[in-house]
Amino acid sequence: MNTALITACLAIMGKGMLGIFAVILVIWALVALLNRVTGKQGDNAPRQ
């Protein structure tokens, strides 16, 4: 069992998980921004 290889693989996996987390945060921020910009605009909004 090569512990150096396991450590290297864990470091690569950690970077990948951090990247996924960062992308999720960016998507969440964009959705929140779009909701704020295009949110409720008074009584003129169409009802369903």
Side-chain angles (χ1 to χ4, degrees):
M1 189 159 145
N2 191 349
T3 57
L5 182 61
I6 292 173
T7 305
C9 289
L10 285 175
I12 293 170
M13 184 181 68
K15 289 178 186 176
M17 293 177 92
L18 185 63
I20 291 169
F21 183 70
V23 169
I24 289 172
L25 281 178
V26 167
I27 291 171
W28 172 77
L30 287 174
V31 168
L33 179 67
L34 284 172
N35 278 334
R36 191 172 296 241
V37 169
T38 63
K40 199 172 191 180
Q41 298 176 358
D43 292 331
N44 295 337
R47 295 181 183 227
Q48 295 181 1

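Side-chain contacts under 4.5 Å among hydrophobic residues (ILVMFWY), followed directly or transitively, place Ile6 together with Met1, Leu10, Met13, Met17. Taking Ile, Leu, Val, Met, Phe, Trp and Tyr as hydrophobic and joining them when side-chain heavy atoms fall under 4.5 Å apart, one finds Leu5 isolated, its cluster having no other members.
Residue Ile20 holds its CD1 atom at 12.5 Å from CG of Leu25, rounded to the nearest 0.5 Å.
The two residues Thr38 and Leu34 make their nearest non-hydrogen contact at OG1-O, 2.6 Å.
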